[in-house]
Amino acid sequence: MLAHAELLVAPPRTRVHGDADAGRHLFIVAAGRAVWRREHLALRHLGPGDHFGELSPLGERHLGEVVTSDTALTAARLGPAGYAALSREAPGVALSLALALADGLGREVARLSEDVGTLMRGRTAPRAETVRVSVQGDVRVVPTGTRLRALLPAEQDGALVVAGLLGCRPVSLQTPIYADSTLAPLTMAHWEGRQIYAQSVGLLLLEAAQAEAPLLRLRLGPSRGTVQVVQVEGAAAGAAADLAGRLAAAMEAHAAADAPFRLEYWGTDEAIAWFQQRGWTDAVKLLRMRRQATVRLVSCGQCYALSMGPLLPSTGALQGFSLEPHPEGLALRLGPRDPRTRAGRREPPAAPVRDHRDDSDGDMAAEHQAWLAAMGITSVGALSEACVDGRVAQLIRVAEGFQEKRISRIADRIAAARDRIRIIAIAGPSSSGKSTFIARLTVQLQIDGLNPVTLSLDDYYVDREKTPRDEKGDWDFEALQALDLATLQDHVRRLLAGEAVRTPRYDFLSGRSVPDGGHELQLRPGDVLMLEGIHGLDPALLGAIPAPGELFRVFIHPATTLPFDRLTRVSATDLRLLRRIVRDRHQRGYKAAENIARWPSVQAGEREHIFPFQAEADAVFDSSLVYEPAVLKIFAERYLLEVPPDHPAFPTAHRLRYLVDRFVAIHPEHVPPTSLLREFIGGGGSGS
């Protein structure tokens, strides 16, 4: 038979048989191992002597199976022409081969029937043969068990479809439908869709690293604009460029193999043992706090990670990503499919923002990570352990003390240049904690003998009908043109000249500016003007009003968050959204659904008008508190449950509920009254 077959040699993790090969070849394994999958579920492990594939002359049918090499694989490949020649020249051998295949198929059918029976024993009620699915308003009747990808397009409006919204809940395109429901595509253009794509690329990177550099420890770090930082432990100094090239090549090869992303249910104890053996201590600590007996894991090969939501069906859809050296390790970019890389958009610096005019403040994020490591709080699981062990009170004291120390350092820098600095501008994205930071910085400046007079940019909004709109037609409150710059600059000039000024007041409920409706301000000798608002870093805000050295800019945002495992972490964006949901529900009467619906527009405005100016900052303040998600959980769980299942905000609410559920709750009474967190949960003593 071998005289009529070809020799196939495939490297590890290579797709060697799939839909495109249906009926064309029969493979007999000579050496190595492979995995036989259907619908991404591993059903058979193949070794020497086993066969896979099918030949149309024998009447074999392709059933959607995919075979991927586990190790280097050597196999004999017999095609229809080769089998025909074998039948003519050695009919006895051809008949024996056909009988062997028939016997193997019979045993496979029996084994699969037993497996299906085992799976079905947990359900005795019969299912309907068909279900009604409304796909974007088009009602279809389809067989029960039809998978989402069969009903959705590959792209919509030029954006890749990465998942489906089954009843507004984001699920994998591989999900079968068992009940009447509504269905819509979730694309890369939606921020939840982008996150699914980014998670898929991240898992692809970890798989490539396990194969290419198994001694290194890679972790997906924080985002820096459109860049995903990859933290690397164990790499030699100066090896970043070589490592980036090797890993990128391995990622591309694995993507080309179109390996399936698999969702598997493991026993929690089994998963703990698996991660323990591989040094994933953050995942181990998180799972030890888990109440459920099973846990969902995801993989696209040999590397497993905790499942935090749907991924793409397979690696083949991942294209255009890049990996390059970065000051914090490596920089992973999603490529041209990333909606954040829209042509013409100003990009913020990829590297961490540092105090470029005076390095005495150092890098706050690096110091933050250092003291967290010293206290052993390096992951969400470690934080949960501290909650259970009774270390929360000390952790809160240290976290709050760390922030106070950093605020005092910034105040000392300003005081040291008091004969030059006349304006302090405080800027940051939504829900970064600017109000409380200003209150605490004011105290520290007064300790240093300076008296700041605060002017809020929020009071200088133009009337609602004069507010510019974004590309979607929504009000763009983050645009600099949403402010009455002429009035603002006139007031700043007069204040610096020692004149008294009556500020306007903006009524957020009516969307109207009330001229002269604010406070009367005047700078006395020795006073410093403090501007607070999202545009404080933009040079166009004040133009040429401040002379060189007269303006000190501070950028405030939450920068430090904890990982769940090496693949996923709490994002600073999600942290700000949770803060905003809780605060606005308490103080402004806005429900979570309204806030979530508004959030994409807020983010777009920040990326356009705030983050590109980070490099203008003279000091950077990390407003994150390591314990705050555990406190926000108390409020957010209920507020997120208020989002109706049919509301467009439900996908995000569903994911945020899953996120906060991973934290052990900390009661708000433990939060000090002067904490920055009080700005969002209420009950503070410093005002908000």
Side-chain angles (χ1 to χ4, degrees), residues 191 225 339-349 423-432 434-435 438 454-496 501-518 521 529-546 551 553-557 576 580 584 588 590 594-595 597-617:
W191 69 314
R340 296 185 185 177
T341 60
R342 191 185 69 216
R345 182 183 295 255
R346 292 173 293 183
E347 288 297 319
I423 305 173
I424 305 169
I426 313 294
S430 173
S431 304
S432 55
K434 295 183 291 293
S435 297
I438 287 173
T454 302
L455 188 67
S456 174
L457 299 184
D458 285 356
D459 287 328
Y460 288 85
Y461 276 118
V462 298
D463 290 342
R464 186 72 46 83
E465 62 269 16
K466 298 179 183 179
T467 303
R469 294 181 181 269
D470 60 22
E471 58 187 15
K472 295 182 179 180
D474 298 326
W475 301 116
D476 189 357
F477 297 107
E478 280 71 38
L480 184 63
Q481 294 73 24
L483 300 179
D484 183 354
L485 284 182
T487 301
L488 171 67
Q489 293 178 0
D490 175 65
H491 285 184
V492 170
R493 287 191 188 94
R494 291 167 56 192
L495 286 168
L496 294 180
V501 167
R502 172 73 66 175
T503 65
R505 179 180 61 83
Y506 186 76
D507 187 338
F508 283 91
L509 291 179
S510 66
R512 308 289 296 180
S513 175
V514 183
D516 301 326
L521 301 180
L529 181 63
M530 184 180 289
L531 296 180
E532 181 265 325
I534 62 176
H535 296 290
L537 303 183
D538 191 339
L541 179 71
L542 297 178
I545 293 176
L551 175 61
R553 298 185 179 100
V554 182
F555 181 67
I556 171 174
H557 70 138
R576 289 194 293 116
R580 182 176 170 124
D584 287 1
R588 303 177 184 178
Y590 296 155
E594 299 172 77
N595 247 319
R598 171 77 182 138
W599 192 240
S601 177
V602 171
Q603 281 193 287
E606 292 169 351
R607 289 193 295 269
E608 190 74 22
H609 305 296
I610 302 174
F611 290 114
F613 302 107
Q614 289 182 59
E616 301 290 334

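The residues of the chain are indexed from 1 along the displayed sequence. A quick note: this is a predicted structure, and the numbers were derived from the prediction, not measured.
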**Request:** Check whether any side-chain N or O of Lys434 sits under 3.5 Å from a backbone N or O of Gly428 as a donor-acceptor pair, and report yes or no.
**Result:** yes

**Prompt:** Does the Arg464 side chain pair with the main chain of Phe508, one donor and one acceptor, at a distance under 3.5 Å?
**Reply:** yes

Can you name the residues that form a side chain to side chain contact (heavy atoms under 4.5 Å, CB included) with [X], not counting sequence neighbours?
X: Arg494; result: Asp490, His491, Glu499, Val501
X: Ala540; result: Leu480, Asp538
X: Ser456; result: Asp458, Asp459, Glu532

Side-chain touch [X]/[Y], heavy atoms, less than 4.5 angstrom:
X: Leu488; Y: Leu541; answer: yes
X: Val602; Y: Asn595; answer: no
X: Tyr460; Y: Leu455; answer: yes
X: Trp599; Y: Ser430; answer: yes

**Request:** Output all residues satisfying ring-ring contact (aromatic ring centres under 6.0 Å, His included) with His535, sequence neighbours left out; order by chain, then residue number.
**Result:** none

State which residues pass side-chain hydrogen bond (donor to acceptor under 3.5 Å, both in side chains) with [X]; sequence neighbours excluded, sorted by chain then number.
X: Arg512; answer: Glu465
X: Glu606; answer: Arg576
X: Asp507; answer: Ser510
X: Arg505; answer: none

Of all the heavy-atom pairs spanning [X] and [Y], show the shortest one and how long it is.
X: Leu551; Y: Pro546; result: CB-CB, 4.0 Å
X: Ala482; Y: Thr467; result: CB-CG2, 4.2 Å
X: Thr503; Y: Leu521; result: CG2-CD1, 3.8 Å
X: Gly536; Y: Ala425; result: O-CB, 3.4 Å

Let me confirm one number: the [atom1]-[atom2] distance from [X] to [Y], rounded to the nearest 0.5 Å.
X: Phe477; Y: Ser601; atom1: CZ; atom2: OG; result: 8.5 Å
X: Phe613; Y: Leu537; atom1: CZ; atom2: CG; result: 8.5 Å
X: His557; Y: Phe611; atom1: NE2; atom2: CZ; result: 7.5 Å

**Complete:** Only one of Ile426, Ile423, Ile438, Ile424 passes side-chain contact (heavy atoms from CB on, under 4.5 Å) with Leu531, and that residue is Ile423

**Prompt:** What salt bridge (Lys or Arg N to Asp or Glu O under 4.0 Å) pairs are there with at least one residue in residues 475-485, not counting sequence neighbours?
**Reply:** Glu478-Arg598

**Request:** Anything under 30° is parallel, anything over 60° is perpendicular, the rest tilted; go ahead and classify Tyr506 against Tyr461.
**Result:** tilted

